[in-house]
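Whatever order the structure lists them in is the order used to number ligands and atoms, beginning at 1. When a residue number appears, it is its place in the shown sequence, counting from 1.
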Amino acid sequence: MRAPLQQIETSGELPQSADAVVIGGGIVGVFAAYYLARRGMKVALVEKGRIGAEQSSRNWGWCRQQNRDARELPMATRSLDLWERFAADTGKDTGFRRCGLLYLSNDEAELAGWARWRDFAKTAGVTTHMLDSIEASERGRATGRTWKGGVFSPTDGTADPSRAAPAVAHAILMLGGSVHQNCAARGVETEGGRLSAVVTESGTIRTKLAVLAGGAWASSFCHQFGFRFPQASVRSSILSVSPGAEGLPDALHTARISATRRGDGGYTLAISGRGRVDVTPQQLRFSSQFLPMFLKRWRSLAPGGLQGVRSGHETLQRWRLDRPTPMERMRILDPVPDRATIRLTFARALELLPALRKTTISAAWAGYIDSTPDGVPAIGEIDPVPGLFLAAGFSGHGFGIGPGAGHLVADLVTGSEPIVDPTSYDPRRFDASVWGKVADF
Ligand SMILES: Cc1cc2nc3c(=O)[nH]c(=O)nc-3n(C[C@H](O)[C@H](O)[C@H](O)COP(=O)(O)OP(=O)(O)OC[C@H]3O[C@@H](n4cnc5c(N)ncnc54)[C@H](O)[C@@H]3O)c2cc1C
């Protein structure tokens, strides 16, 4: 089942040339195209399915600095401002609100970890409040329980995954860019060792600059021109319930369950970090590089099935540019949710938040979360194809930092002062080992 998503009508004929082509209409691709178009560039965005229909509509909607790795914190902070600025500049509603995020726990070790992060965050100018037992129990009163402690991060927030990417795509159109749905990019052409065109199923766009924001499909696309991008995805299952529960926090995390208020007044419910690994040829190829990540997270992972192989996003196949590719056979990655996880999530949510007993499940879905070996995205120019920039591997954090990532991509593409230091995101870093460098969630 697909996650709720606003549909938008997009451009017709493909342009023959563009100043820049963006491949992929998830939150990263749309923001990259938006910031390029704002600089007066003629931008064409091509999306093989529908804008936002893969990870970017399937997530919780959290836009957080809380517990962020040091490598991503500056981008998270800038992104919160950019979510607000986007609404002010365009008048478009992504559902972003700084509602604050509430974390509750009865585990001393977890609370100590949050306190350590609070101390680190202070050095980066980020405010977060540790809650003692009385404060945590008061903020978490909807649970009817006493908590040992918690954290409240007042400057964090949520945006609405069902409308954010379409809203940004609409803004690209208003700036004179074009957005093409049901239009897969099959590959790239080069001239004199540099990018010269993007080849799509509907024709070729001549361009010297392109961005590959293909989410879970990025590595198999890079494989076509021999760039080794270690990437693997995990299937995460999630559900939403109808409106009707009052008095709950807007965004709540506990070890057993997380709940997020949706734009329609319902809630999204999920178990943090839990996922199934649907083994694919690509995962086997990169398995040794993902070992440190796996050792850190294996407790929340379970073996999956053959869905990943059937989906084709992690194929090692090489395809031709004049024939349909796996991307045209799978317009929208729509994995089947894990039924046991959905049942467990709902049962835990009813137990923790009794007000949810007035609600019913309105939808359940899954998404493939694409990750890099160190859990930090890959953003930067790709060596074998100068002019082509990679922006993928957002490792479960890409929705909240989508605006900052898109801005950074536009900075790199245009050679402008980068909004944040891009060093940590360099796609070439995977030539070295990631032992000891895996980010927390
Ligand atoms: C269950 C779940 C919960 C999550 N919760 C959060 C959260 O609370 N906060 C947070 O920050 N992040 C969260 N995430 C992660 C977040 O959703 C992703 O990191 C983010 O959406 C990635 O955006 P993207 O644009 O890189 O990829 P995607 O949204 O996957 O978009 C990539 C797009 O590229 C298109 N594409 C691929 N190849 C081609 C091609 N060759 N030609 C044309 N189009 C192509 C695809 O069709 C797709 O639409 C969650 C993810 C999941 C699945």
Side-chain angles (χ1 to χ4, degrees), residues 3 5 21-32 45-64 68 72 75-76 79 101 156-159 161 164-165 168-169 180-188 198-202 210-222 224 231 233-239 251 253 258 260 268 270-275 312-313 319 325-328 330-335 337 341 365-371 377-379 390-406 409 441:
L5 176 63
V21 174
V22 175
I23 302 166
I27 200 71
V28 175
V30 292
F31 268 117
L45 184 150
V46 296
E47 162 55 53
K48 67 177 171 54
R50 307 290 308 186
I51 292 295
E54 293 196 347
Q55 294 174 83
S56 295
S57 57
R58 291 163 189 264
N59 59 71
W60 306 2
W62 284 38
C63 304
R64 69 176 166 94
R68 276 265 177 266
E72 263 184 46
M75 186 181 281
S79 293
L101 308 177
D156 287 343
T158 60
V168 183
H180 308 272
Q181 297 180 103
N182 288 313
C183 181
R186 291 177 175 167
V188 296
V198 172
V199 180
T200 81
E201 62 179 300
S202 315
V211 177
L212 173 57
W217 299 81
S219 183
S220 58
F221 192 92
C222 289
Q224 306 308 309
Q231 185 186 33
S233 52
V234 167
R235 175 163 46 101
S236 175
S237 299
I238 172 169
L239 67 110
H253 167 89
S258 296
T260 314
T268 300
I271 300 174
S272 181
R274 196 179 174 100
H313 60 296
W319 56 73
T325 65
M327 296 168 298
E328 289 137 85
M330 179 56 71
R331 292 280 171 197
I332 295 173
L333 264 183
D334 187 24
T341 298
W365 63 89
Y368 277 120
I369 297 182
D370 74 309
S371 181
I379 305 173
L390 176 65
F394 281 82
S395 308
H397 322 144
F399 184 73
I401 61 174
V409 169
F441 287 113

* Structure fact -> In this structure, atom 30 (O) of ligand 1 is nearest to the protein heavy atom Q55 NE2, 3.1 Å
* Contact check, side chains of Y368 and Q55, non-hydrogen atoms, under 4.5 Å -> no
* To do: Return a yes/no value for F399: is any of its N or O atoms, backbone included, closer than 3.5 angstrom to an N or O of ligand 1?
  => yes
* Quick one: which ligand 1 atoms are inside 4.0 Å of a heavy atom on S236? -> 1 (C)
* **Steps toward side-chain contact (heavy atoms from CB on, under 4.5 Å) verdict (R64, H397)** => CA-CA 9 Å; R64 69 176 166 94; H397 322 144; 4.0 Å; yes
* Would you check whether R58 has a nitrogen or oxygen atom less than 3.5 angstrom from a nitrogen or oxygen atom of ligand 1? => no
* Apply side-chain contact (heavy atoms from CB on, under 4.5 Å) to C222 and L212, showing your working. => CA-CA 9 Å; C222 289; L212 173 57; 3.8 Å; yes
* Structure fact -> Of all protein heavy atoms, the one nearest atom 42 (N) of ligand 1 is A185 N, 2.9 Å
* Structure fact -> Nearest non-hydrogen protein atom to atom 13 (C) of ligand 1, with distance, is G396 O, 3.2 Å
* Polar-atom distance check: K48 versus ligand 1, any N or O pair below 3.5 Å? -> yes
* Looking at ligand 1, does any of its N/O atoms fall within less than 3.5 Å of an N/O of A184? -> no
* Using non-hydrogen atoms of the residue, decide whether A53 is closer than 4.0 angstrom to ligand 1. => no
* What is the closest protein heavy atom to atom 50 (C) of ligand 1, and at what distance does it sit? -> N59 CB, 3.1 Å
* Which is it for S233 and H313 under the side chain to side chain donor-acceptor pair (under 3.5 Å) test, yes or no, and what are the steps along the way? -> CA-CA 9 Å; S233 52; H313 60 296; 3.2 Å; yes
* Could you see which bit of I23 sits under 4.0 Å from ligand 1, with heavy atoms only: side chain, backbone, both or neither? => side chain
* Asked: Taking all atoms of both residues into account, what is the closest heavy-atom pair of A165 and G52, and its distance?
  -> CB-CA, 3.9 Å
* When you measure from atom 52 (C) of ligand 1 to every protein heavy atom, which one gives the shortest distance, and what is it? -> I369 CG1, 3.6 Å
* To do: Flag the pair S220 / W319 as yes when at least one side-chain heavy-atom distance between them is below 4.5 Å, and no otherwise.
  => yes
* **Part of A213 within contact of ligand 1 (heavy atoms, under 4.0 Å)** => backbone
* Of the listed options V28, V22, D370, T260, closest to atom 24 (P) of ligand 1 (non-hydrogen atoms) -> V28
* Atoms of ligand 1 less than 4.0 Å from V46 heavy atoms? -> 43 (C), 44 (N)
* Asked: Going by distance only, is there an N or O of S56 that falls short of 3.5 Å from an N or O of ligand 1?
  -> yes
* **Between CG on residue D370 and OG on residue S395, distance to nearest 0.5 Å** => 6.5 Å
* Atoms of ligand 1, numbered as shown, that sit under 4.0 Å from any heavy atom of M327 -> 40 (C), 41 (N)
* Asked: Just one of V21, V168, V30 clears the side-chain contact (heavy atoms from CB on, under 4.5 Å) bar with L45, so which one?
  -> V30
* Nitrogen or oxygen of E47 less than 3.5 angstrom from that of ligand 1 -> yes
* **Contacts of type side chain to side chain donor-acceptor pair (under 3.5 Å), residue E54, not counting sequence neighbours** => K48, W217
* What distance do I332 atom CD1 and S57 atom OG have between them, rounded to the nearest 0.5 Å? -> 8.0 Å
* Structure fact -> Quick note on ligand 1: atoms under 4.0 Å from a heavy atom of C183 include exactly 43 (C)
* Structure fact -> ligand 1 atoms nearer than 4.0 angstrom to some heavy atom of W217 are 37 (C), 38 (N)
* Going by distance only, is there an N or O of R50 that falls short of 3.5 Å from an N or O of ligand 1? -> no
* Do the side chains of R58 and I238 get nearer than 4.5 Å, heavy atoms only? -> no
* Within-4.5 Å side-chain heavy-atom neighbours: V409 and I379 -> yes
* **N or O pair under 3.5 Å between S395 and ligand 1** => no
* **Structural part of F221 in contact with ligand 1, heavy atom criterion under 4.0 angstrom** => side chain
* Asked: If we only count N/O pairs under 3.5 Å, is I238 in contact with ligand 1?
  -> no
* Asked: Which protein heavy atom lies closest to atom 37 (C) of ligand 1, and at what distance to 0.1 Å?
  -> G214 O, 3.3 Å
* Interatomic spacing from CD in E47 to CZ in R331 - rounded to 0.5 Å -> 9.5 Å
* Polar contact flag, side-chain donor to acceptor under 3.5 angstrom, S237-W365 -> no
* Does the side chain of N182 come within less than 4.5 Å of E328's, by heavy atoms? -> no
* Of the backbone atoms (N, CA, C, O) and the side-chain heavy atoms from C-beta on, which set of C63 has a member under 4.0 Å from an atom of ligand 1: side chain, backbone, both, or neither? -> neither
* To do: Using modelled atom types only, decide if a donor and an acceptor are shared between the side chain of Q224 and the backbone of G187 within a distance under 3.5 Å.
  => no
* Quick one: CD on E72 to CZ on F394, what's the gap to the nearest 0.5 Å? -> 8.0 Å
* What is the distance from atom OG of S272 to atom CH2 of W60, rounded to the nearest 0.5 Å? -> 4.0 Å
* How close does the nearest protein non-hydrogen atom get to atom 19 (O) of ligand 1, and which residue and atom is it? -> G398 N, 2.9 Å
* Is there a nitrogen or oxygen of W62 sitting under 3.5 Å from a nitrogen or oxygen of ligand 1? -> yes
* Asked: Just which atoms of ligand 1 are under 4.0 Å from any heavy atom in H397?
  -> 10 (C), 11 (O), 12 (N), 15 (C), 19 (O)
* Structure fact -> Ranked by distance from atom 31 (O) of ligand 1, the top protein heavy atom is G26 CA, 3.3 Å
* Asked: Heavy-atom contact under 4.0 Å between A216 and ligand 1?
  -> no
* Asked: Distance from R186 atom CZ to I23 atom CD1, nearest 0.5 Å?
  -> 13.0 Å
* Which of the numbered atoms in ligand 1 are below 4.0 angstrom from a heavy atom of F394? -> 19 (O), 26 (O)
* Ligand-residue contact atoms, ligand 1 with G400, heavy atoms, under 4.0 Å -> 10 (C), 11 (O)
